[in-house]
Amino acid sequence: HLAYGINETALSIYTNEPSNCKLARNDTSYSFMENEFLCSLSLDPIYKFYKCDTLLNNLTFGLNKFYFKCKDKANNENTESYEFNLHGTNPLEITSVEPLGEIFYNSPILKLSTSIGAESGKSTCRFSETSSIFENMITFFKTNSSIHEQQLKDLTTGSYMYYIICRDTAGNEANSN
């Protein structure tokens with residue numbers, strides 16, 4: 001999945017020997033593939049393979065399909081393409097938040113629902129009493145779906161505001177407070 005509004009992203013592939021690699025939007029022969037990877041002639045120290053990098057651009061909403069093939073230094077080409085797909089997504093949305101307004105009990109359940117995004121609203125939601133980044137917030141007890149719940153306990157009389165951020169698998173974020 002690809003986050004809403006992203007129209008380019010880096011792609012790295014790895015080969016078992018020094019190679020030249022190309023990609024195209026259509027499944028075609030190596031010689032007709034118009035975009036080249038930048039391939040290393042040295043082993044990657046972590047993966048112990050040869051790394052090839054490229055930039056995928058002109059990405060759109062929906063299916064973005066790519067095909068790539070490689071040719072080694074002895075001019076042996078892949079006979080079949082490797083297919084790589086990215087799905088451009090709509091933004092993630094928070095569609096409801098409860099409770100709102102005055103409540104008269106000290107252990108309310110914070111509930112919200114999400115929709116659209118990469119997987120029809122499936123996301124992970126987090127909250128905080130202060131404005132913060134997603135990684136520094138507390139993960140809802142029930143999340144990783146389109147319905148999210150968090151039991152709040154032993155609140156004393158007063159005003160409370162919670163900051164909420166939800167993130168889907170594409171990296172789309174929605175927030176509320």
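Since the structure is predicted, the reported quantities are computational estimates derived from the model, not experimental observations. Index from 1, following the sequence.
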Is there a donor-acceptor contact under 3.5 Å from the side chain of [X] to the main chain of [Y]?
| X | Y | answer |
| --- | --- | --- |
| T143 | C125 | yes |
| E149 | I109 | no |
| Y160 | T156 | yes |
| K73 | N20 | no |
| N172 | P91 | no |
| D72 | A74 | yes |
| R25 | F66 | no |
| T89 | L2 | yes |
| T95 | S113 | yes |
| N64 | T60 | yes |

Open item on the list: Please report whether the SG atoms of C52 and C21 are separated by less than 2.5 angstrom.
Closed with: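 No - the two cysteines, C21 and C52, have SG atoms at least 2.5 Å from each other.
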Side-chain heavy-atom pair [X], [Y] within 4.5 angstrom cut-off:
| X | Y | result |
| --- | --- | --- |
| Y162 | L152 | yes |
| K69 | M33 | yes |
| K51 | S12 | yes |
| L23 | T54 | yes |
| I165 | M137 | yes |
| T15 | C39 | no |
| D44 | K48 | no |
| Y30 | N78 | no |

Flag yes if more than 12 heavy atoms outside [X] fall under 6.0 Å of its [atom1] atom; otherwise flag no.
| X | atom1 | value |
| --- | --- | --- |
| Y50 | OH | yes |
| N144 | CG | yes |
| K153 | NZ | no |
| F141 | CZ | no |

TODO: Applying side chain to side chain donor-acceptor pair (under 3.5 Å), run through S123 and T114 and close with a yes or a no.
DONE: CA-CA 7 Å; S123 58; T114 48; 3.3 Å; yes
Task: Parallel, tilted or perpendicular: ring planes of F68 versus Y82, cut at 30 and 60 degrees - done: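 Rings of F68 and Y82: parallel, under 30°.
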- [ ] Drop me the distance from H148's NE2 to K111's NZ, to the nearest 0.5 angstrom.
- [x]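 Atom-to-atom, H148:NE2 and K111:NZ are 13.5 Å apart.
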TODO: Show the numbers, then the answer: is there a side chain to side chain contact (heavy atoms under 4.5 Å, CB included) between L112 and I164?
DONE: CA-CA 10 Å; L112 64 121; I164 300 166; 3.8 Å; yes
Open item on the list: Assess whether a salt bridge exists between R167 and E135, defined as any Lys/Arg side-chain N lying under 4.0 Å from an Asp/Glu carboxylate O.
Closed with: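 Judged by the 4.0 Å cut-off on N to carboxylate O distance, R167 and E135 do form a salt bridge.
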Residue pair [X] / [Y]: nearest heavy atoms and the distance that separates them:
| X | Y | answer |
| --- | --- | --- |
| N136 | S132 | CB-OG, 3.2 Å |
| Y67 | N26 | CD1-C, 3.4 Å |
| A118 | T169 | CB-OG1, 3.7 Å |
| C70 | S19 | CB-CB, 4.2 Å |
| Y47 | F49 | O-CD1, 3.0 Å |
| L92 | S115 | CD1-O, 3.6 Å |

Open item on the list: Show, in sequence, the C-alpha distance, side-chain angles and deciding distance for K65 and E83, and conclude whether the salt bridge (Lys or Arg N to Asp or Glu O under 4.0 Å) test is met.
Closed with: CA-CA 7 Å; K65 191 175 281 201; E83 186 178 316; 3.6 Å; yes
Task: Candidate pair L56 and L86, rule side chain to side chain contact (heavy atoms under 4.5 Å, CB included), full reasoning - done: CA-CA 10 Å; L56 303 177; L86 278 175; 3.9 Å; yes
Task: Pair F140 + F127: ring centers closer than 6.0 Å - done: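 Here the rings of F127 and F140 have centres that are less than 6.0 Å from each other.
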